[in-house]
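Quick note: numbers below take in every heavy atom, side chains included, and nothing from hydrogens, waters or symmetry partners. Naming convention: chains lettered A, B, ... in sequence-line order (proteins, then strands); numbering from 1 in each chain.
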Number of protein chains: 2
Amino acid sequence: MGASSAKHDVFQAIADPTRRSLLKLLSNQELPVTVISEHYPISRTAVSKHLRVLADAGLVKERKVGRETRYKLEPEPLFELKDWLQYFELFWENKLTALRLFVEADSDIENQKKK
Amino acid sequence: MGASSAKHDVFQAIADPTRRSLLKLLSNQELPVTVISEHYPISRTAVSKHLRVLADAGLVKERKVGRETRYKLEPEPLFELKDWLQYFELFWENKLTALRLFVEADSDIENQKKK
DNA sequence: TTAATGTGAAACCAAATGGTTTCGTATTTG
DNA sequence: CAAATACGAAACCATTTGGTTTCACATTAA
């Protein structure tokens, strides 16, 4: 099996703004649930559920330390997102190229009008 | 107002696999709804609704031609996604660096064991 | 040992989501 | 003009989602 045996999709995991925020919060530190939930207006349980979705997508890793569960970012699954995006970069570059060509063609038309 | 006056979020728009597929389909061609929906096992109406979500997020542009409505990719909003991703690239690079350092440290330990 | 703390599971709920079928309306085409 | 085509709006439905409160269970502290 490949790298993406995740129960939850990366795309779906990052669809929620709270979860995106969680990823940033946990990007440079490992934190227990209670501390994490202090950053949000929702209940600790709700935060816990978001963390589960992220964990299912492989975006976050949990580690039990005593009675705490500490979470931290696991950025690898974001590669899938990057790959997906890469396909489209081709098109937005084309778009910019097309725009440039259009502007040039437009100038030509302007020149012709001036004849 | 900035560039993202979209009713629908880009992140949410690409969360659905059918919509991601639509974006690829429309990346190199402008197509009317009926033709598009032939590529999917769901109803034309369902496809139409997905297209609306994509249009709300600015990811697709519609153009009426006679009785047809033709859709094509509008890749610009994907920049937001790219920006968001960029933040995390820092961390996965760190991760790789950390891994490299760990491997080196491990070698050192191996060497020590050999003493 | 008893009390306090950190957490997830469960049951529940309202709203959003992804789908359907039916209908009305423009626009071609015969 | 009449029939066919292309489409979106509406009403409806089942499931998922994001949230809550309550409860049970470990683990640590008194």
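The two residues B/Pro77 and B/Leu59 come nearest to each other via the heavy atoms CB-CD2, 3.9 Å. The shortest non-hydrogen separation linking B/Leu23 to B/Ile14 is CD1-CG2, 4.1 Å. Closest approach of B/Asp16 to B/Thr18, counting heavy atoms only: OD2-N, 2.9 Å.
Here B/Ser48 does not reach the OP1 or OP2 of D/dC7: none of its side-chain N or O atoms lies under 4.0 Å away. Residue B/Tyr71 places at least one side-chain N or O closer than 4.0 Å to OP1 or OP2 of D/dG8. Within the 4.0 Å cut-off from OP1 or OP2 of D/dG19, not a single side-chain nitrogen or oxygen of A/Ser43 is found.
One interatomic measurement links the two molecules: CG of A/Leu51 to C1' of C/dG8, which rounds to 12 Å at whole-angstrom precision. The separation between B/Lys64 atom NZ and C/dT25 atom C1' is 10 Å, rounded to whole Å. Look at CD1 on B/Ile42: it is 19 Å from P on D/dA14, rounded to the nearest Å. We find that CZ of A/Arg70 is positioned 13 Å from P of C/dG8, with the value rounded to whole Å. One interatomic measurement links the two molecules: CD of B/Glu68 to C1' of C/dT28, which rounds to 11 Å at whole-angstrom precision. Rounded to a whole Å, the NE2 atom of A/His50 is 9 Å from the P atom of D/dT20. For the pair B/Glu62 CD and D/dA6 C1', the computed distance is 14 Å after rounding to whole Å.
For B/Tyr87, the ring-ring contact (aromatic ring centres under 6.0 Å, His included) criterion is met by B/Phe91, not counting sequence neighbours. Evaluation of the side chain to side chain donor-acceptor pair (under 3.5 Å) rule for B/Ser21 yields B/Tyr40 as partners, not counting sequence neighbours. Residues meeting the side chain to side chain donor-acceptor pair (under 3.5 Å) test with A/Lys49, sequence neighbours left out: none. By the side chain to side chain donor-acceptor pair (under 3.5 Å) test, B/Gln12 is found to be paired with no residue, residues two or more places apart in sequence or in another chain being considered. Remark: A/Glu62 pairs with A/Arg52 by the side chain to side chain donor-acceptor pair (under 3.5 Å) rule, at least two apart or across chains.
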Taking protein heavy atoms under 4.0 Å as touching, what does nucleotides 22-30 of chain D look like 5' to 3' if B marks base contact, S marks sugar-phosphate-only contact and - marks none? B----BB--

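Pairs passing the salt bridge (Lys or Arg N to Asp or Glu O under 4.0 Å) check and including a residue from residues 19-40 of chain B, sequence neighbours excluded, read A/Asp9-B/Arg20, B/Glu30-B/Arg63. Applying the ring pair (Phe, Tyr, Trp, His ring centres under 6.0 Å) test to every pair with at least one member in residues 9-29 of chain A, sequence neighbours left out, gives these pairs: A/Phe11-A/Trp84.
With hydrogens and angles left out, the side chain of A/Lys49 and the base of D/dG19 share a donor-acceptor pair within 3.5 Å.
The shortest side-chain heavy-atom distance between B/Leu51 and B/Leu26 falls under the 4.5 Å cut-off. Contact check for A/Ser43 versus A/Thr45: side-chain heavy atoms found under the 4.5 Å cut-off.
Of the residues in residues 11-41 of chain A, A/Gln12, A/Asp16, A/Arg19 come within less than 4.0 Å of DNA chain D through at least one heavy atom, sorted by number.
Taken over five-pair windows at either terminus, the axes of the helix from C/dT1-D/dA30 to C/dG30-D/dC1 are inclined to one another by 20° (rounded to 10 degrees).
B/Thr69 comes within contact range of the sugar-phosphate backbone alone, with a heavy-atom separation under 4.0 Å but no base atom that close.
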